[in-house]
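Notes follow the structure.
Atom set for the values below is all heavy atoms of this structure, side chains included, hydrogens, waters and symmetry mates excluded.
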Amino acid sequence: MDAVILSYAVDELVPYIDWVYFFHAWGIRPSQQHTDLAESLLRDARNTLSVLDGEVKCQAIVRLCRANAEEDDLIIEKTRIPLLRQQMHRDKSEQPYLCLSDFVLPSSCRKADTVGLYATSVSLPTAATASSDPYHSLMIQTLADRLAEATAEKMHQYVRRDLWGYARQERLGIDELLKCHYQGIRPAIGYPSLPDQSVIFLIANLLPIEQIGITLTENGAMHPHASTCGLMLSHPAARYFAVGTIGEDQLHDYARRRKMPVDEVRKFLRSNLA
C-alpha cells in the first residue's frame with residue numbers, strides 16, 4: 001500500500017508521553033520522581049508543552065508491505081533486510097535465541113505476510129531552539145524526544161486498530177499501552193533488537209521519510225534529532241528483546257548478507273561486539 005502520513009497536535013500526544021524516560025534524561029531515578037525537584041521539573045515541562053502546542057509539527061509516516069522471512073533476513077517487497085540473532089551463551093536456559101525474522105512467515109509457506117514500516121519526526125520552530133538558556137534548551141530537546149516517541153505510540157495504536165486492523169477489538173488504557181500490553185511490536189532502528197543504525201538506509205528505500213522532513217547523515221543519523229524509524233510486526237508471540245553480544249562468526253555472516261565490508265559493519269555494531 002501507499003505510505004500514509006499522520007499529523008498530531010501536541011495536546012493529543014501529551015497523554016501518550018512516558019514520563020519515566022523524560023525523568024531519566026534528567027538523571028532522576030524512578031524512586032526520586034515524587035520529590036519536589038521532580039515535581040517542579042514536571043510543571044515546567046507541562047507549561048513548555050502548552051507553549052509549544054500549535055508551533056511544533058509532530059508527524060508519522062506509515063507503510064504496510066508484503067513481506068516474508070528467509071532465515072535471519074526479511075524480504076520486504078524484494079528488498080532484503082538482514083537481521084541479527086541473539087548469540088550470547090545461556091547456561092541452563094531453554095529460551096530460544098531470537099531474531100525479528102522469527103515473527104514473520106517464512107517464504108517456504110508460499111504465502112505473503114505483512115510488515116509495517118514507520119517513521120516519526122518532531123520539527124521545532126527556530127525560536128524554540130535558539131535559546132541561550134541551557135536549561136530551556138535541554139527542556140525543549142527532551143520534550144521533543146518524548147513527543148517523537150508519543151507520536152509513535154499513538155500512530156501504532158491507530159495502525160493496530162484501524163489501518164492494519166489486526167487488533168480491532170483492542171481497548172487499552174494509556175498505562176497498558178506504555179507497558180506494551182498490546183499485540184505486536186514496533187522495534188526502532190538503533191534499539192536493542194535492531195541495533196544496526198545503517199539499516200535505516202534500507203528502510204528509506206521503501207518508506208519516503210523525506211515526506212515528513214527526515215534527512216539522513218552519511219552514518220544514518222536522522223535529522224530532526226527527535227525522530228524515530230523502524231518496523232511493525234503483528235505476530236501474537238512477537239516481543240521486544242536485546243540482540244546482545246554477537247561473535248565474529250555472526251559479524252562476518254551479517255556483513256556478507258549486508259554486502260558491506262566487515263570493518264564498516266563493525267563500526268555500526270561496536271556495542272554488540274565482545
Item to check | Chi angles and distances behind the side-chain contact (heavy atoms from CB on, under 4.5 Å) call for R160, Q183 | outcome: CA-CA 8 Å; R160 293 190 306 271; Q183 178 182 328; 5.6 Å; no
[X], [atom1]: over 12 other non-hydrogen atoms inside 6.0 angstrom:
{"X": "K267", "atom1": "NZ", "result": "yes"}
{"X": "Y21", "atom1": "OH", "result": "no"}
{"X": "R29", "atom1": "CZ", "result": "no"}
{"X": "E264", "atom1": "CD", "result": "yes"}

Report yes if some heavy atom in the side chain of [X] is under 4.5 Å from a heavy atom in the side chain of [Y]; otherwise report no.
{"X": "L100", "Y": "P187", "result": "yes"}
{"X": "L177", "Y": "E170", "result": "yes"}
{"X": "F22", "Y": "W19", "result": "yes"}
{"X": "M232", "Y": "M155", "result": "yes"}
{"X": "L251", "Y": "N272", "result": "no"}
{"X": "D72", "Y": "L84", "result": "no"}
{"X": "L163", "Y": "M1", "result": "yes"}
{"X": "L202", "Y": "R80", "result": "no"}

Decide whether [X] and [Y] are clustered together by the hydrophobic rule: side chain heavy atoms of Ile, Leu, Val, Met, Phe, Trp, Tyr closer than 4.5 Å, transitively.
{"X": "L207", "Y": "I75", "value": "no"}
{"X": "I17", "Y": "V20", "value": "no"}
{"X": "L41", "Y": "L138", "value": "yes"}
{"X": "I28", "Y": "Y135", "value": "yes"}
{"X": "Y191", "Y": "L194", "value": "no"}

Provide the closest heavy-atom pair for [X] versus [Y] in the form atom of the first, atom of the second, distance.
{"X": "R186", "Y": "A152", "result": "NE-CB, 3.7 Å"}
{"X": "A69", "Y": "S101", "result": "CB-O, 3.4 Å"}
{"X": "V122", "Y": "A144", "result": "CG2-O, 3.8 Å"}
{"X": "L105", "Y": "N68", "result": "O-ND2, 3.1 Å"}
{"X": "F23", "Y": "A38", "result": "CE2-O, 3.6 Å"}
{"X": "M139", "Y": "D44", "result": "CE-CB, 3.8 Å"}

To the closest 0.5 Å, what do you measure between [atom1] ([X]) and [atom2] ([Y])?
{"X": "S193", "Y": "R239", "atom1": "OG", "atom2": "CZ", "result": "10.5 Å"}
{"X": "L147", "Y": "C58", "atom1": "CG", "atom2": "SG", "result": "5.0 Å"}
{"X": "Y182", "Y": "E176", "atom1": "OH", "atom2": "CD", "result": "12.0 Å"}
{"X": "L269", "Y": "D196", "atom1": "CG", "atom2": "CG", "result": "5.0 Å"}
{"X": "T79", "Y": "L74", "atom1": "OG1", "atom2": "CG", "result": "11.0 Å"}
{"X": "M222", "Y": "L216", "atom1": "CE", "atom2": "CG", "result": "7.5 Å"}

Checklist entry - According to the ring-ring contact (aromatic ring centres under 6.0 Å, His included) rule, which pairs have a member within residues 218-272, sequence neighbours left out? => result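 Of all non-adjacent pairs touching residues 218-272, none passes ring-ring contact (aromatic ring centres under 6.0 Å, His included).
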Item to check | Partners meeting side-chain contact (heavy atoms from CB on, under 4.5 Å) with T114 (sequence neighbours left out) | outcome: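 Listed in chain order: L64, W164.
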Short question: side chain of [X], backbone of [Y] - any donor-acceptor pair under 3.5 Å?
{"X": "D53", "Y": "S50", "answer": "no"}
{"X": "Q250", "Y": "R85", "answer": "yes"}
{"X": "E55", "Y": "L124", "answer": "no"}

Checklist entry - Going through the checks in order, is the side-chain contact (heavy atoms from CB on, under 4.5 Å) test met by I214 and C229? => result CA-CA 10 Å; I214 296 177; C229 182; 5.8 Å; no
Item to check | Any side-chain donor near an acceptor of the partner, D249 and Q87, under 3.5 Å | outcome: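 D249 vs Q87: donor-acceptor pair found between side chains.
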Checklist entry - Is there a side-chain contact (heavy atoms from CB on, under 4.5 Å) between S198 and R258 once you walk through the steps? => result CA-CA 10 Å; S198 72; R258 284 297 317 272; 2.9 Å; yes
Item to check | Trace of the salt bridge (charged side-chain N to carboxylate O under 4.0 Å, His left out) decision for E248 with R266 | outcome: CA-CA 10 Å; E248 285 288 317; R266 192 185 300 276; 2.9 Å; yes
Checklist entry - Can you list the steps and then say if R257 with E71 is a salt bridge (charged side-chain N to carboxylate O under 4.0 Å, His left out)? => result CA-CA 11 Å; R257 290 184 286 131; E71 296 184 343; over 6 Å; no
Item to check | Working for side-chain contact (heavy atoms from CB on, under 4.5 Å), residues V14 and R46 | outcome: CA-CA 9 Å; V14 169; R46 292 190 179 278; 3.7 Å; yes
Next on the checklist: Quick check on side chain to side chain donor-acceptor pair (under 3.5 Å): which of D145, T120, T151 does T228 satisfy it with?
Outcome noted: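 Among D145, T120, T151, the one that satisfies the side chain to side chain donor-acceptor pair (under 3.5 Å) with T228 is T120.
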